Amino acid sequence: MAEQDSMVEISTDRVRIDHAYCYDVIANSYWGGGRTRGEFDKSVEMSVPVGAYCDGKQVGFARAVSDLIAIAYVADVFVDPDYRRRGIAAKMIDALHAHPDLARVKRWLLATHDMQPLYRQHGYEDLDDLMMMRVDEGAKARKPLR
């Protein structure tokens with residue numbers, strides 16, 4: 001497994017996001033159907049995205065919508081079926097939690113129908129059958145953005 005993991009690159013460089021690929025996956029998902037390509041592009045522009053890459057090919061995506069201070073909402077997390085079970089989603093979540101622009105965020109929210117075990121490993125707790133929240137008690141102790 002370690003050998004496979006070494007081939008995965010996680011990047012928060014928004015320029016690298018393959019919008020066409022990500023839109024195709026999300027538009028065909030249970031949670032993202034009905035969005036237009038323009039809406040998807042705007043959602044990426046207005047959030048902090050992260051991509052996963054193997055041999056230069058994008059194989060995963062996630063983003064956080066945030067005010068950069070009080071709250072962040074994790075959205076559109078996916079990993080290509082051929083690359084699942086390698087810890088890629090976990091690495092993307094870690095990258096969002098570690099992103100310097102999100103360092104002061106105390107409350108992290110997300111909605112999922114089926115991935116609760118993954119998010120629980122990252123400190124999220126169930127609010128109900130769909131919503132989860134993670135409270136980062138150390139956020140206030142980190143250096144302010146300004």
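Keep in mind it's a predicted model, so treat the numbers as computed, not measured. Residue indices begin at 1 and follow the sequence shown. Side chains are part of it too, since the values below use all heavy atoms of this structure and drop only hydrogens, waters and symmetry mates.
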Query raised in the report: Is there a path from Leu96 to Ile17 through hydrophobic residues (I, L, V, M, F, W, Y) whose side chains come within less than 4.5 Å of each other?
Result: no
Report task. Would you indicate whether the side-chain heavy atoms of Asp82 and Val59 approach each other to under 4.5 Å? Result -> no
Query raised in the report: Can you tell me if Asp13 uses its side chain to pair, donor with acceptor, with the backbone of Val15 under 3.5 Å?
Result: yes
Requested in this report: Heavy atoms only: give me the nearest Ile71-Asp67 pair and the separation to one decimal.
Outcome: N-OD1, 3.2 Å
Query raised in the report: Looking at Thr112 and Gln116, what are the two nearest heavy atoms and their distance?
Result: O-NE2, 3.2 Å
Report task. Flag this pair as yes if the NZ/CZ of Arg16 is under 6.0 angstrom from the six-membered ring centre of Tyr53 and inside a 45 degree cone about the axis; otherwise no. Result -> yes
Query - Test item: Met92 and Ile10 side chains (from C-beta on) under 4.5 Å apart, heavy atoms - result: yes
Report summary line: Closest heavy-atom pair, Leu118 versus Ala89, reported as atoms and distance to 0.1 Å, is CD2-CB, 3.8 Å
Report task. Mark yes when over 12 heavy atoms from residues, nucleotides or ligands other than Asp129 sit less than 6.0 Å from its CG; otherwise mark no. Result -> no
Requested in this report: Could you tell me whether Glu39 atom CD has more than 12 heavy atoms of other residues or ligands within 6.0 Å of it?
Outcome: yes
Query raised in the report: So, Asp80 and Arg84, do they make that salt bridge, N to O below 4.0 Å?
Result: no
Query raised in the report: Side-chain heavy atoms under 4.5 angstrom apart, residues restricted to Ile, Leu, Val, Met, Phe, Trp, Tyr: same cluster for Tyr30 and Ile26?
Result: yes
**Report entry** Student check: side-chain heavy atoms of Val135 and Lys106 closer than 4.5 Å
**Finding:** yes
Report task. Report whether Met115 and Val79 are members of the same hydrophobic cluster (ILVMFWY, side-chain heavy atoms less than 4.5 Å apart, transitive linking). Result -> yes
Report task. State, yes or no, whether a side-chain contact exists between Cys54 and Glu9 at a heavy-atom distance under 4.5 Å. Result -> no
Report task. Starting at NE2 of His122, measure out to CG of Leu110 and round the result to the nearest 0.5 Å. Result -> 10.5 Å
Query raised in the report: Are Arg104 and Asp136 ion-paired here, with the side-chain N under 4.0 Å from a carboxylate O?
Result: no
Report task. Would you please test Arg86 and Lys91 for side chain to side chain contact (heavy atoms under 4.5 Å, CB included) and show each step? Result -> CA-CA 9 Å; Arg86 299 184 189 188; Lys91 289 178 182 182; over 6 Å; no
**Report entry** Point-to-point distance, once rounded to the nearest 0.5 Å, from CG of Asp94 to NE2 of His99
**Finding:** 14.0 Å
Report summary line: Distance col, row Ile93:CD1 vs Tyr124:OH, nearest 0.5 angstrom, shows 6.0 Å
Report task. Could you tell me whether the side chain of Leu109 reaches within less than 4.5 Å of the side chain of Leu127, counting heavy atoms only? Result -> yes
**Report entry** Shortest non-hydrogen contact between Arg37 and Ala20, atoms and distance
**Finding:** NH1-CA, 3.6 Å
Query raised in the report: Is the backbone of Ala75 close enough, under 3.5 Å, to the side chain of Arg63 for a donor and an acceptor to pair up by distance?
Result: no
Query raised in the report: Should Val48 and Thr12 count as side-chain neighbours, where that means a heavy-atom distance under 4.5 Å?
Result: no
Query raised in the report: Rounded to the nearest 0.5 Å, how far apart are CE of Met133 and CG of Asp126?
Result: 11.5 Å
**Report entry** Heavy-atom side-chain contact between Asp76 and Trp31 under 4.5 Å
**Finding:** yes
Query raised in the report: Is the gap between the ring centers of Tyr119 and His113 under 6.0 Å?
Result: no
Query raised in the report: Taking only residues two or more places apart in sequence or in another chain, which ones pass side-chain contact (heavy atoms from CB on, under 4.5 Å) with Val44?
Result: Arg14, His19, Phe40, Pro49, Phe61
**Report entry** Rounded distance [0.5 Å steps], CG in Asp24 versus OG in Ser29
**Finding:** 10.5 Å
Query raised in the report: Which atom names give the shortest non-hydrogen contact between Trp108 and Leu102, and what distance separates them?
Result: CH2-CD1, 3.6 Å
Report summary line: Heavy-atom nearest pair, Gln58 first then Tyr21, reads O-CE2, 3.4 Å
**Report entry** Sub-4.5 Å side-chain heavy-atom contact between Arg134 and His97
**Finding:** yes
